[in-house]
J.: 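Sharing a structure, written as structure tokens. Questions coming.
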There are 2 protein chains.
Amino acid sequence: MATETVENYIKALYALCRESPSGEAGVVRLAQELGVTKGTATSMIKRLSLARLVKAEPYSGIALTAKGNKIALDVLRRHRVIETFLVRTLNLDWADVHEEAERLEHALSARILDRLDEFLGRPSTDPHGDPIPDAAGNVSETRSKPLAKCRARERVCIVRIMDQNRAFLKFVAESGLKPGANLVVHSVSTQGNSLTVQAVRGKPVTLSHSAAGKILVKIIS
Amino acid sequence: MATETVENYIKALYALCRESPSGEAGVVRLAQELGVTKGTATSMIKRLSLARLVKAEPYSGIALTAKGNKIALDVLRRHRVIETFLVRTLNLDWADVHEEAERLEHALSARILDRLDEFLGRPSTDPHGDPIPDAAGNVSETRSKPLAKCRARERVCIVRIMDQNRAFLKFVAESGLKPGANLVVHSVSTQGNSLTVQAVRGKPVTLSHSAAGKILVKIIS
DNA sequence: ATTAAAAGTTTGATTAGTCAAACTTATTTG
DNA sequence: CAAATAAGTTTGACTAATCAAACTTTTAAT
Ligand SMILES: [Mn+2]
Ligand SMILES: [Mn+2]
Ligand SMILES: [Mn+2]
Ligand SMILES: [Mn+2]
């Protein structure tokens with residue numbers, strides 16, 4: 001079994017590779033993400049490479065191997081099942097659960113994870129709308145687009161919040177913009193740097209372009 | 001915060017001090033308990049001593065300080081709340097939960113622990129009858145004696161099983177001797193090396209002296 | 001095409017935790 | 001009591017994870 005530290009590196013690498021157009025991660029960003037120096041990250045990459053969890057040439061990009069990807073999805077599954085449990089069963093604030101899950105994700109056996117998953121009714125997404133990979137590592141992401149790309153008068157349903165920041169999550173919840181909420185795009189500013197939406201039976205909310213970019217929605221037919 | 005390793009040493013020391021008449025623990029037993037060499041245990045004791053978690057003179061007994069005791073009770077609380085959750089909510093086998101809790105006990109924050117405790121209705125004992133310390137570190141142990149010390153025809157209620165061994169726990173459950181079970185002491189062999197008990201509406205079970213010594217009971221008035 | 005900045009690597013040191021094996025002190029036991 | 005045994009300690013070595021600081025390579029600007 002991978003150590004807690006290795007699992008954290010793998011998970012961070014997975015996220016960085018996702019969001020990079022080249023599909024590869026860099027050492028500096030990785031170090032930033034994990035709060036370590038770049039030298040530390042470099043030496044860990046060497047170890048992961050030796051363990052065949054990543055593919056990396058000196059002075060070039062880092063990518064996960066199939067084996068590394070498997071671990072990433074497994075950790076992600078544990079993380080998201082735990083978040084779901086913490087919110088649904090223990091009533092923790094959805095803005096707090098990410099950090100809690102960050103520690104717990106490394107301590108659950110496969111057996112407990114499965115029991116927890118069963119107890120929760122095999123949820124397909126966590127409280128933030130993040131898809132939960134199944135035990136085999138399959139992820140089914142709902143087709144969606146950023147709210148920032150919507151046009152006026154579109155009716156949409158929020159599917160996912162792409163940011164773990166506590167303050168942002170608090171704001172999103174305050175504004176009634178949690179996953180599942182239906183809303184109408186009221187107006188879009190001409191410069192495209194903000195837009196106003198209104199939840200059903202809610203007050204209108206104006207969002208900056210960057211905030212609206214982190215909220216994924218699907219169009220209601 | 002103490003590391004996982006330190007918490008394990010402290011917890012083991014707590015148990016060893018409990019069961020020793022002198023109230024002090026030795027390095028060899030400690031090492032055995034944790035599956036490390038005695039040299040390793042010695043060096044850890046030095047560190048714990050420096051951190052004021054134990055009081056220890058070279059070549060003499062080890063005792064927990066008040067600070068160490070506090071940590072031990074805290075870990076014990078987490079361990080037992082988790083075991084209760086695993087059995088009651090996730091339906092895990094009571095023989096398996098000890099090992100699972102052994103890892104989880106180090107990953108729960110105070111907040112999650114409290115929510116879990118609340119969710120379970122603030123239980124006072126875990127599935128094995130082990131008392132759960134409260135958040136302040138108070139333990140209330142039910143007055144009890146070993147089943148081995150009972151005489152024929154006594155009617156007793158099982159309060160606690162003093163052994164985490166899986167095979168033993170399986171046997172205890174099979175025999176209907178879980179905490180809460182009421183039974184009558186049928187007969188006691190003259191040599192005192194075995195005794196036969198019968199649960200209400202159960203078959204008679206014969207126990208060795210050593211097995212009966214690990215089952216704590218209280219007399220039913 | 002130089003050169004400055006950014007990205008990545010290396011080196012030497014540190015801490016936590018561990019082992020094997022030699023060693024010392026305390027306890028038993030004949 | 002002396003010798004054997006058990007308990008406890010010390011030493012030297014190792015792995016995982018980290019940092020600071022010097023160094024090298026790549027990339028971006030001028
Ligand atoms: Mn983590
Ligand atoms: Mn999430
Ligand atoms: Mn433990
Ligand atoms: Mn227990």
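Because the structure is a prediction, the values reported are computed rather than measured. Computation of the quantities below employed the complete heavy-atom set of this structure, encompassing side-chain atoms and omitting hydrogens, waters and symmetry-equivalent molecules.
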J.: Taking the six-membered ring where the residue is Trp, are the ring centres of A:F85 and B:F85 under 6.0 Å apart?
T.: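 Distance test on ring centres: under 6.0 Å, yes.
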J.: Return each pair, listed once, that meets ring pair (Phe, Tyr, Trp, His ring centres under 6.0 Å) where at least one residue sits in residues 58-77 of chain A; pairs must be two or more places apart or across chains.
T.: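 Counting only pairs at least two positions apart or across chains, no ring pair (Phe, Tyr, Trp, His ring centres under 6.0 Å) contact touches residues 58-77 of chain A.
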J.: Does a side chain donor of either A:T142 or A:S144 reach within less than 3.5 Å of an acceptor in the other side chain?
T.: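 Note: A:T142 and A:S144 side chains miss the donor-acceptor criterion.
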J.: Run the salt-bridge test on A:R166 and A:D93 with the 4.0 Å N-O cut-off and return the result as yes or no.
T.: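 The answer is no: the pair does not qualify as a salt bridge.
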J.: Could you tell me the separation between the CG atom of A:L48 and the C1' atom of D:dA16, rounded to a whole number of Å?
T.: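 After rounding, the gap between these two atoms is 12 Å.
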J.: Taking atom C1' of D:dA16 as reference, at what distance in whole Å does atom CG of A:L50 sit?
T.: 14 Å
J.: When all nucleic acid strands are considered with a 4.0 Å heavy-atom cut-off, which category describes A:G35: base, sugar-phosphate, or nothing?
T.: sugar-phosphate
J.: From the options A:E105, A:E7, A:H106, select the one residue that forms a side-chain hydrogen bond (donor to acceptor under 3.5 Å, both in side chains) with A:R78.
T.: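 Result: among A:E105, A:E7, A:H106, A:E7 is the only option passing the side-chain hydrogen bond (donor to acceptor under 3.5 Å, both in side chains) with A:R78.
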J.: I want to confirm an ordering. Mapping A:P58 and A:V36 to their closest nucleotides on DNA chain D, which one lands closer to the 5' end?
T.: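 Final value for this comparison: A:V36.
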J.: Quick check against the 3.5 Å criterion: does A:S175 have a side-chain atom that pairs as donor or acceptor with the backbone of A:F171?
T.: yes
J.: How about A:P179 and A:T125: do any of their side-chain heavy atoms sit closer than 4.5 Å?
T.: no
J.: Just to be sure I understand the geometry, which residues of residues 7-33 of chain A put a non-hydrogen atom under 4.0 Å away from DNA chain C?
T.: A:G26, A:V27, A:V28
J.: Between A:G39 and A:S43, name the one whose nearest nucleotide on DNA chain D is closer to the 5' end.
T.: A:S43
J.: Which is the 5'-most and which the 3'-most nucleotide of DNA chain C that has an atom under 4.0 Å from a heavy atom of chain A?
T.: C:dA7 to C:dT10
J.: Side chains of B:H79 and B:D126 only: does a donor on one sit below 3.5 Å from an acceptor on the other?
T.: no
J.: Thinking salt bridges, do B:R29 and B:E19 make one under a 4.0 Å N-O criterion?
T.: yes
J.: Heavy atoms only, 4.0 Å cut-off, all strands: where does B:T40 land among base, sugar-phosphate and nothing?
T.: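 Base: the residue B:T40, judged by heavy atoms under 4.0 Å, touches a nucleobase.
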J.: Can you check the B:M44 CE to D:dG8 P distance for me, whole Å?
T.: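 Atom CE in B:M44 sits about 17 Å away from atom P in D:dG8.
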J.: Counting the atoms with a prime plus P, OP1 and OP2 as sugar-phosphate, which does B:T3 contact under 4.0 Å by heavy atoms, base, sugar-phosphate, or nothing?
T.: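 Sugar-phosphate: the residue B:T3, judged by heavy atoms under 4.0 Å, touches backbone atoms but no base.
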J.: Provide, to the nearest angstrom, the distance between the NZ atom belonging to A:K46 and the P atom belonging to D:dT15.
T.: 15 Å
J.: Whole Å only: how far is the NZ atom of A:K38 from the C1' atom of D:dT24?
T.: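 These atoms are roughly 11 Å apart.
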